[in-house]
Amino acid sequence: MAKSKALLIDITKCVGCHECEKACTEANHLPKDDGPITDLSATHFTYLKSFNDETVFVRRLCMHCIKPTCVSACLVGAFTKTDTGAVLYDESKCIGCRYCMQACPFEVPRYEWGSLAPKIQKCRLCYERIVAGRQTACAEACLVGATVFGDRDDLIREARSRIDGNPGGYVDGIYGLTEAGGTSVLFLSSIPFEKLGFPTNIPNEPIPDLSWRVLSQVPKYAVAAGVTLFGIRWITARRTEVARFEAEERLRAITGQREG
Amino acid sequence: MKFKGMLKLTFWKAVAIVLMASGFAAAVQRYALGLGATTNLKDTFPWGIWIGFDILVGVGLAAGGFTIAATVYIFGIERFRPILRPTILTAFLGYLLVIAGLMADLGRPWAIWHAMIMWNPHSVMFEVAWCVMLYTTVLALEFSPVVLEHFRLRRTLKVVRAITVPLVILGVILSTLHQSSLGSLFLIIPGRMHPLWYSGIIPFLFIISCVAAGLAMTIVESFLSSRAFGREVELPLLSEIARVIVVVLALYFTVRIQDLMSRDALRYVFVPSYQSAMFLVEIVLGVVLPFCLLLSPKVRTSRRGLFYSAVLVLLGFVAHRMNTAITSMEHWPDRMYIPSVQEIAVTLGLAAFGFTAFAFVSRYFHVFGEAPHCAVVEPVAEPSALASASLD
């Protein structure tokens with residue numbers, strides 16, 4: 001896999017047909033249920049949220065960050081960022097601490113709460129399909145081209161040209177270009193992203209750096225603390241030794257005087 | 001005679017038995033039905049009181065172990081030796097309970113050993129896991145002389161005594177790393193936490209606050225055990241500890257407020273909300289009030305004053321860690337969390353088990369009182385103990 005793949009989702013083009021949800025359910029062999037999907041869940045890896053009296057539709061799915069927080073948060077390394085761009089989860093490693101759910105800035109990972117051997121569930125960017133040279137199920141199912149699949153670099157160029165070609169039609173900015181250091185799912189919109197439920201307080205640097213800054217100091221701290229504590233112990237031990245010696249000296253002096 | 005004392009049913013024993021039984025029943029339910037059916041955890045709120053209380057608070061209350069051990073063994077302040085063993089026991093039991101709580105909370109507890117062989121050094125949770133494993137081992141070794149003495153295992157005792165100082169130093173390093181890493185867990189969640197609690201210096205705040213809490217725990221436990229075993233409290237020692245607590249609280253308060261100011265977050269205190277109310281409880285009742293109380297020598301040297309001030313310090317500490325893990329992530333109305341009956345039952349059951357185990361161990365082993373009178377162990381005296389003897 002030469003280049004990292006990505007999705008570009010143009011909110012202005014989406015007509016709200018929910019075909020992406022259906023295709024996702026099918027491609028991931030998830031249970032089909034009747035009623036409308038209301039949120040991401042262990043059995044729904046994407047869903048379409050409507051805004052402005054059901055005129056604007058926003059897809060929610062794993063953002064497949066370039067430097068994913070879940071990958072760095074998982075203590076047993078159950079998450080990996082693959083060459084395809086997909087962030088994958090390996091249940092055979094997972095111990096179920098749910099730190100990934102807590103850590104994800106987009107609150108994507110979902111849990112099988114009802115299971116006795118619960119797994120994390122989320123969009124896999126159709127990893128097997130990409131490896132086989134196909135596009136994701138949602139992109140293939142999209143009738144109006146609101147979700148398109150491609151190389152991330154190409155999609156950024158495409159997004160840029162859409163904004164430049166229709167200045168009034170888009171908010172000037174691609175969501176996912178820099179958020180959390182960049183993601184493999186990119187959004188274009190005519191309405192400011194914060195009004196569509198996108199978290200906009202996400203740092204523009206990779207989030208794992210926030211904890212690595214502290215974690216990387218641990219060995220230095222351990223060595224420094226060890227040396228300091230041994231030093232203090234050495235001084236206090238020496239001090240008591242000297243005190244004992246002096247006490248003995250005094251005792252000897254007194255007894256010596258008596259004898260003399 | 002000892003057994004007679006054990007079998008007599010008192011009010012608190014009855015309470016402990018009920019709590020442990022209901023905790024056990026709740027734990028059975030949790031393993032039979034899963035997390036979803038027995039907890040109020042959900043996708044938007046994946047961590048509850050088993051993390052916020054059982055683990056974050058449990059580890060913090062065990063901090064007396066490393067502070068008192070360092071005081072005696074590193075700084076050579078021998079007069080604190082009488083309270084060394086009870087604090088080490090508290091810490092050791094505390095860590096065992098933390099592991100028990102973790103086994104309830106983990107979705108796949110049978111895979112917990114993965115932490116030993118599947119490494120991700122970029123994860124704060126990795127550091128937390130290794131600190132728990134290593135420090136529990138260190139605490140077991142630090143407490144082992146009590147058991148070895150009891151069974152007169154002289155040779156093993158000699159070995160443990162010989163490595164006591166390196167062990168204590170390792171314990172201080174691991175313990176401080178563990179306390180701070182529990183805070184570092186939250187560094188990665190800037191977006192989700194209320195600004196009154198999210199801060200780049202959480203790990204540092206966690207270290208300062210655990211020192212105050214560990215020492216306050218030493219005071220409280222000394223009072224409780226004096227009542228249970230009918231022995232005298234070490235009042236002058238505890239007053240001295242209270243003085244240290246005053247300094248630590250002052251440092252904590254200064255750092256906490258400075259941090260809020262530097263992040264321009266202090267203004268949230270004055271916006272009436274659930275979060276600002278919880279913050280005020282935490283800071284005013286749990287930091288400022290005990291600080292003012294313990295500042296007075298009269299309070300510091302009175303039994304009642306000491307006890308209640310220490311309880312307030314513990315309250316403030318519990319509030320800070322629970323607020324960090326739970327309150328700061330709550331959002332009305334879509335993201336609220338109230339623990340389920342089972343979550344509360346397991347938590348209370350574990351706490352009751354901790355008290356019971358402490359009472360049991362200190363009844364059958366030599367935990368309290370002067371240096372062990374067991375003749376077998378006398379010859380392998382500590383150099384520092386010798387020194388203090390000669391100084392007398």
Side-chain angles (χ1 to χ4, degrees), chain A residues 39-42 69 71-78 91-103 105 107 109-119 199 201-203 207-208 210-215 218 221-222 225-226 229-230 232-233 235-237 239-241 243-244 247-248, chain B residues 31-37 39 41-44 46-47 70 73-76 102 105-109 111-112 114-115 118-129 165-166 168-170 172-173 176-177 180-181 184-185 187-192 200 203 329 383-384 386-388 390-391:
Chain A
D39 200 350
L40 293 180
S41 75
T69 315
V71 171
S72 91
C74 180
L75 80 161
V76 289
E91 76 223 36
S92 70
K93 290 185 173 175
C94 179
I95 67 170
C97 72
R98 308 186 295 283
Y99 189 35
C100 51
M101 304 179 70
Q102 198 69 283
E107 303 186 17
R110 300 287 137 147
Y111 210 51
E112 295 179 338
W113 293 102
S115 165
L116 286 178
K119 298 192 286 282
N201 57 352
I202 291 173
I207 293 176
L210 291 174
S211 44
W212 184 242
R213 237 169 262 155
V214 174
L215 264 179
V218 167
Y221 166 81
L229 292 170
F230 264 112
I232 295 171
R233 158 75 198 186
I235 292 167
T236 52
R239 203 181 279 165
T240 43
E241 204 177 301
R244 185 175 56 187
E248 277 167 8
Chain B
Y31 288 115
L33 305 173
L35 286 167
T39 68
L41 300 173
K42 43 192 175 272
D43 284 332
T44 46
W47 284 2
Y73 285 108
I74 316 259
F75 294 97
L102 196 62
D105 186 77
L106 287 181
R108 302 171 152 251
I112 193 170
H114 286 183
M118 298 173 188
W119 288 23
N120 177 13
H122 282 261
S123 166
V124 180
M125 197 58 95
F126 170 80
E127 186 193 346
V128 170
V165 169
V168 168
I169 289 173
L170 190 63
V172 173
I173 296 171
T176 45
L177 279 178
S180 66
S181 60
S184 307
L185 280 178
L187 287 177
I188 213 165
I189 323 177
R192 208 183 285 204
M329 306 208 199
S384 45
L386 258 179
S388 76
S390 69
L391 283 171

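Residue numbers start from 1 in every chain, and the chains themselves are labelled A, B, ... in the order their sequence lines are given, proteins ahead of strands.
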If you count heavy-atom pairs within less than 4.5 Å of chain B, which of [options] leads?
options	value
A:Val76, A:Ile235, A:Asn201, A:Thr69	A:Val76
A:Leu210, A:Asp39, A:Ile95	A:Ile95
A:Ala222, A:Gly114, A:Ala117, A:Ala225	A:Ala117
A:Cys94, A:Ser92, A:Ala42, A:Ala78	A:Cys94

Would you say [X]'s side chain and [Y]'s backbone share a donor-acceptor pair under 3.5 angstrom?
X	Y	answer
A:Arg233	B:Tyr73	yes
B:Asp43	A:Tyr111	yes
A:Thr236	B:Ile74	yes

Examine whether an atom of [X] lies under 4.5 Å from a heavy atom of chain A, and if so say whether it belongs to the side chain, the backbone or both; otherwise answer neither.
X	value
B:Leu102	neither
B:Leu170	neither
B:Pro166	both
B:Ala70	neither
B:Trp119	backbone

Where is the tightest heavy-atom contact between [X] and [Y], given as atom of each residue plus distance?
X	Y	value
B:Ala129	A:Leu75	CB-CD1, 3.7 Å
A:Leu116	B:Tyr31	CD2-O, 3.4 Å
B:Ile173	A:Leu229	CG1-CD1, 4.3 Å
A:Arg98	B:Leu35	NH1-CD1, 3.5 Å
A:Glu107	B:Arg192	CG-NH2, 3.1 Å

Side-chain heavy atoms of [X] within contact of [Y], under 4.5 Å:
X	Y	result
A:Val218	B:Leu177	yes
B:Met125	A:Cys97	yes
B:His122	A:Val71	no
B:Leu187	A:Arg213	no
B:Ile188	A:Tyr99	yes

Check whether [X] gets within reach of chain B through its side chain, its backbone, both or neither, counting any heavy atom under 4.5 Å.
X	result
A:Ile207	both
A:Pro118	both
A:Ser211	both

Relative to chain A, which of [options] shows the most heavy atom pairs under 4.5 Å?
options	value
B:Gly36, B:Ser123, B:Pro190	B:Ser123
B:Val128, B:Val168, B:Ile112, B:Thr176	B:Thr176
B:Leu33, B:Leu185, B:Ile189, B:Thr44	B:Leu185

Does A:Glu91 come within less than 4.0 Å of B:Arg108, counting only side-chain N to carboxylate O? no
Can you list the steps and then say if A:Leu215 with B:Phe126 is a side chain to side chain contact (heavy atoms under 4.5 Å, CB included)? CA-CA 10 Å; A:Leu215 264 179; B:Phe126 170 80; over 6 Å; no
